[in-house]
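Submitted below is the structure of interest, expressed as structure tokens.
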Number of protein chains: 2
Amino acid sequence: MTAGDKILLAHGGGGRLTDELIHSVILPAFENQTLNKLTDSAEIRLGKDNICFTTDSYVVKPLFFNGGDIGKLAVCGTINDLAVAGAKPVALSLSLIIEEGLEISILKKILASAAQAAKEENISIVCGDTKVVEAGSADKIFINTSGVGLKLSKAEVGFEKIAAGDKIIVSGTIGDHGMTIMSQREGMKFESEMKSDCGSVAQICAKEIEVLDSDIKFMRDPTRGGLAATLSEISDQTDLGIEIQETQIPVNPTTQAAADMLGFDILNIANEGKVVIVVSGQKADECLEICKSCQNGKDAAIIGQIVKSSEPLVELITMIKGRRIVQMPYGRELPRIC
Amino acid sequence: MTAGDKILLAHGGGGRLTDELIHSVILPAFENQTLNKLTDSAEIRLGKDNICFTTDSYVVKPLFFNGGDIGKLAVCGTINDLAVAGAKPVALSLSLIIEEGLEISILKKILASAAQAAKEENISIVCGDTKVVEAGSADKIFINTSGVGLKLSKAEVGFEKIAAGDKIIVSGTIGDHGMTIMSQREGMKFESEMKSDCGSVAQICAKEIEVLDSDIKFMRDPTRGGLAATLSEISDQTDLGIEIQETQIPVNPTTQAAADMLGFDILNIANEGKVVIVVSGQKADECLEICKSCQNGKDAAIIGQIVKSSEPLVELITMIKGRRIVQMPYGRELPRIC
């Protein structure tokens with residue numbers, strides 16, 4: 001980046017520009033091995049245990065959407081970041097930046113929703129902070145949640161565990177969160193209801209690790225940048241290829257219709273209650289059954305596999321058996337999706 | 001609070017209105033013992049250890065001020081919240097909400113400053129997040145830092161340890177951060193330079209606990225709401241009175257002049273590199289010497305004591321031996337001070 005460069009909306013989109021900002025500006029400032037790993041949670045030694053620690057700020061617009069709101073999203077999103085790192089989520093912080101003039105009734109609704117989501121996962125919100133800025137200096141409310149969890153002793157997940165022959169599972173239909181938000185912003189209505197998948201994948205992740213331990217190679221919640229960003233990063237970090245089958249990817253038909261109408265590639269659309277799991281080939285069916293037995297995993301599917309490849313690319317095998325390269329999205333598609 | 005009520009700037013000022021918002025809206029939503037304690041850091045059991053966990057969002061305006069910037073402030077502020085809770089700070093998260101259009105050179109400067117502050121305290125920034133919102137939906141940049149630390153085994157600090165006869169120490173001159181920010185906003189210039197105290201008190205806190213363990217009854221960094229808010233809360237939570245001597249309170253003359261000119265009570269002004277310590281009467285002199293031996297504590301002073309009282313009030317004994325009641329500030333004085 002050159003002098004005079006400015007931050008663009010796409011720098012926050014979770015795609016190529018976010019990646020560029022992180023690698024050229026953020027990581028060089030802090031230079032440390034833990035941060036450099038860019039995992040969903042940092043794993044650190046604290047006293048006698050390995051703990052996981054993660055943070056996310058939420059700026060979603062609108063604040064309330066079908067299937068959730070910024071409060072539920074902020075709690076589930078951070079729980080998920082701990083869960084996919086192979087940790088048992090234990091406690092969250094909740095920090096509010098509020099625009100002067102926000103109705104207190106709206107704040108109460110958001111907090112009640114955050115509290116409910118935390119309660120359902122048996123997590124306590126143990127510390128917080130409240131800042132207020134002048135009208136016009138923020139957009140209603142932004143929420144940061146950070147979380148700590150205890151690394152599960154059986155968990156051995158990481159890019160370095162992934163090998164050719166591993167299978168890729170997604171825990172349910174993709175794109176529902178992003179398309180719900182976008183349709184709501186555009187004022188679009190559909191005959192069948194579209195609903196964000198905003199929710200927790202902690203149960204799925206814990207059960208997978210409990211039963212399959214080291215056969216679970218990697219887990220990630222495909223949020224900003226969607227499935228495309230998650231798979232691109234796996235390929236990039238492992239130097240391996242990925243093949244996914246279009247026909248196997250679970251998609252809600254209404255979500256697909258919305259994506260088609262608005263001109264989005266469903267693979268790039270954010271999910272907020274899904275996990276992508278890389279599992280050894282021999283345990284893939286078992287992994288799938290575990291997913292399906294969990295509350296938020298009933299539509300899970302095996303969508304592809306890790307392959308040896310001269311070029312580390314993600315390839316989509318289309319319905320008509322064509323091959324399309326799936327790229328890391330640029331990031332401009334969906335500002336303020338989470 | 002009644003329906004239709006709205007958030008005011010003063011709800012974020014760290015005074016009476018913040019207190020009211022926390023007690024009437026935030027705590028009831030989450031109802032848990034750890035959060036209810038309202039300590040600077042939450043103490044939780046994680047695996048085999050007691051850890052401290054804290055969060056703060058920073059919205060200071062301007063971003064750069066004499067003595068620091070939002071990056072240094074975000075790192076030192078969260079380190080201080082861990083330190084005053086009797087913990088050794090171990091790791092921080094750093095989450096950015098950036099307004100579209102921010103110059104990347106400014107971001108780099110802020111990150112370099114955050115990194116430098118972390119390095120000086122030997123703390124790693126281990127996880128992060130970056131969100132971007134449209135121009136006009138934030139004010140340049142907001143930073144959240146959360147932190148984890150290991151509770152020092154010798155630390156036994158808490159409101160419940162405080163007793164009549166304990167002495168109150170402040171680690172240096174008060175009001176420097178708040179008045180530097182305000183003067184800069186007002187475009188005021190002084191002959192002698194005014195400088196924010198933005199810095200870490202971790203060394204002071206660790207040394208005090210190490211040497212005096214249970215004689216250190218309570219520590220807090222008097223940020224928003226200043227010394228007045230910290231002392232009011234101590235009195236309120238312990239049901240004990242507090243007497244402080246105006247002549248003993250260290251104040252930088254330029255800071256005092258600025259406060260007088262702008263009509264502020266120096267006791268209400270935010271500090272960002274100070275700690276208030278409540279120590280047993282017999283160890284007060286030793287506590288003071290320890291403070292003075294530390295880099296950021298050389299101007300420390302014993303400013304008063306905890307007293308039995310029929311009413312739990314904070315009283316300032318003025319220069320002319322009058323008595324003035326020090327109240328919890330309302331909170332409107334200094335928006336976006338940290």
Side-chain angles (χ1 to χ4, degrees), chain A residues 1 3 5-9 11-12 18 21 25-26 29-30 32 34-35 41-42 44 46-49 51 53-57 59 90-91 93 95 97-98 100-105 107-108 111-112 115 124-134 137-139 142 144 146 148 150 335-336, chain B residues 1 3 5-9 11-12 18 21 25-26 29-30 32 34-35 41-42 44 46-49 51 53-57 59 90-91 93 95 97-98 100-105 107-108 111-112 115 124-134 137-139 142 144 146 148 150 335-336:
Chain A
M1 297 187 175
D5 276 350
K6 294 190 176 184
I7 292 287
L8 309 173
L9 264 183
H11 279 120
T18 303
L21 182 71
V25 177
I26 298 179
F30 298 107
N32 74 62
T34 315
L35 188 64
S41 293
I44 53 173
L46 195 61
K48 299 175 201 72
D49 295 288
I51 73 153
F53 181 28
T54 189
T55 188
D56 255 316
S57 288
V59 298
V90 173
S93 66
S95 180
I97 297 174
I98 309 177
E100 179 188 22
L102 181 77
E103 283 169 33
I104 289 178
S105 57
L107 176 62
K108 282 185 177 171
L111 295 178
S124 293
I125 289 167
V126 296
C127 54
D129 179 46
T130 306
K131 293 291 183 336
V132 181
V133 298
E134 315 87 313
S137 289
D139 190 4
F142 301 142
N144 176 280
S146 299
V148 290
L150 209 51
R336 296 185 61 185
Chain B
M1 293 186 178
D5 275 352
K6 294 189 174 183
I7 293 287
L8 308 173
L9 264 183
H11 279 119
T18 303
L21 182 71
V25 177
I26 297 178
F30 299 106
N32 75 60
T34 314
L35 188 64
S41 292
I44 54 173
L46 196 61
K48 301 175 200 72
D49 294 289
I51 73 151
F53 180 28
T54 189
T55 188
D56 254 316
S57 287
V59 298
V90 174
S93 66
S95 180
I97 297 175
I98 309 176
E100 178 188 21
L102 181 77
E103 283 168 33
I104 289 177
S105 58
L107 176 62
K108 282 186 176 171
L111 296 179
S124 293
I125 289 167
V126 295
C127 53
D129 179 47
T130 306
K131 293 290 183 333
V132 181
V133 299
E134 315 87 313
S137 290
D139 191 4
F142 301 143
N144 175 281
S146 300
V148 290
L150 209 51
R336 299 185 57 185

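Within every chain, numbering begins at 1; the chains are lettered A, B, ... in the order of the sequence lines, protein sequences first and strands thereafter.
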Give, as side chain, backbone, both or neither, the part of A/Ser146 having an atom under 4.5 angstrom from any heavy atom of chain B.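 Contact with chain B: backbone and side chain both.
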
Taking the side chain as every heavy atom from C-beta outward, state whether A/His11 and B/Val132 have any atom pair closer than 4.5 Å.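 Yes, close enough: below the 4.5 Å cut-off.
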
Find the one option among A/Gly128, A/Cys127, A/Ser41 whose heavy-atom pairs under 4.5 Å with chain B are most numerous.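 Top option by heavy-atom pairs under 4.5 Å: A/Cys127.
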
Can you name the side chain to side chain donor-acceptor pair (under 3.5 Å) partners of B/Ser95, sequence neighbours left out? A/Ser57, A/Asn144

Which portion of A/Ile97 sits near chain B, non-hydrogen atoms under 4.5 angstrom: side chain

Can you say whether B/Leu102 sits under 4.5 Å from chain A via the side chain, the backbone, both, or neither, judging by heavy atoms? both

Expected output: side-chain B/Arg336 to main-chain B/Val59 donor-acceptor under 3.5 Å: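 A pair under 3.5 Å: yes.
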
Using atom types as modelled and distance alone, determine if a side-chain donor or acceptor of A/Asp49 lies under 3.5 Å from a backbone N or O of B/Lys48. yes

Within the 4.5 Å heavy-atom criterion, are B/Val133 and A/Asp139 side-chain neighbours or not?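 The answer is no; the side chains never approach within 4.5 Å.
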
Looking at A/Leu46, A/Thr34, A/Ile98, which one has more heavy-atom pairs under 4.5 Å with chain B than the rest? A/Leu46

For chain A, find which of B/Asp56, B/Leu107, B/Ile44 contributes the most heavy-atom pairs closer than 4.5 angstrom.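 Greatest number of close heavy-atom pairs with chain A: B/Asp56.
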
Is the backbone N or O of A/Gly12 less than 3.5 Å from a side-chain atom of B/Thr130, with the two atoms forming a donor-acceptor pair by type? no

With chain B as the partner, which of A/Leu8, A/Thr54, A/Val148 has the greatest number of non-hydrogen pairs under 4.5 Å? A/Val148

Measure distances from A/Val90 to the heavy atoms of chain B and classify the residue's part below 4.5 Å as side chain, backbone, both or neither. side chain

I need the residue from B/Ser124, B/Ala112, B/Ala42 with the largest number of non-hydrogen atom pairs under 4.5 Å to chain A. B/Ala42

So for A/Leu9, is it side chain, backbone, both, or neither that comes closer than 4.5 Å to the heavy atoms of chain B? both

Would you call the rings of A/Phe53 and B/Phe53 parallel, tilted or perpendicular, where under 30° means parallel and over 60° means perpendicular?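 Perpendicular.
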
A/Asn32 portion near chain B, given a 4.5 angstrom heavy-atom threshold: side chain

Residues two or more places apart in sequence or in another chain: which of them pass side chain to side chain donor-acceptor pair (under 3.5 Å) with B/Asp129?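 Result, side chain to side chain donor-acceptor pair (under 3.5 Å) vs B/Asp129: A/Arg224, B/Lys131.
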
Segment of A/Ile51 engaging chain B (4.5 angstrom heavy-atom cut-off):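 Answer is side chain: those atoms of A/Ile51 sit under 4.5 Å from chain B.
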
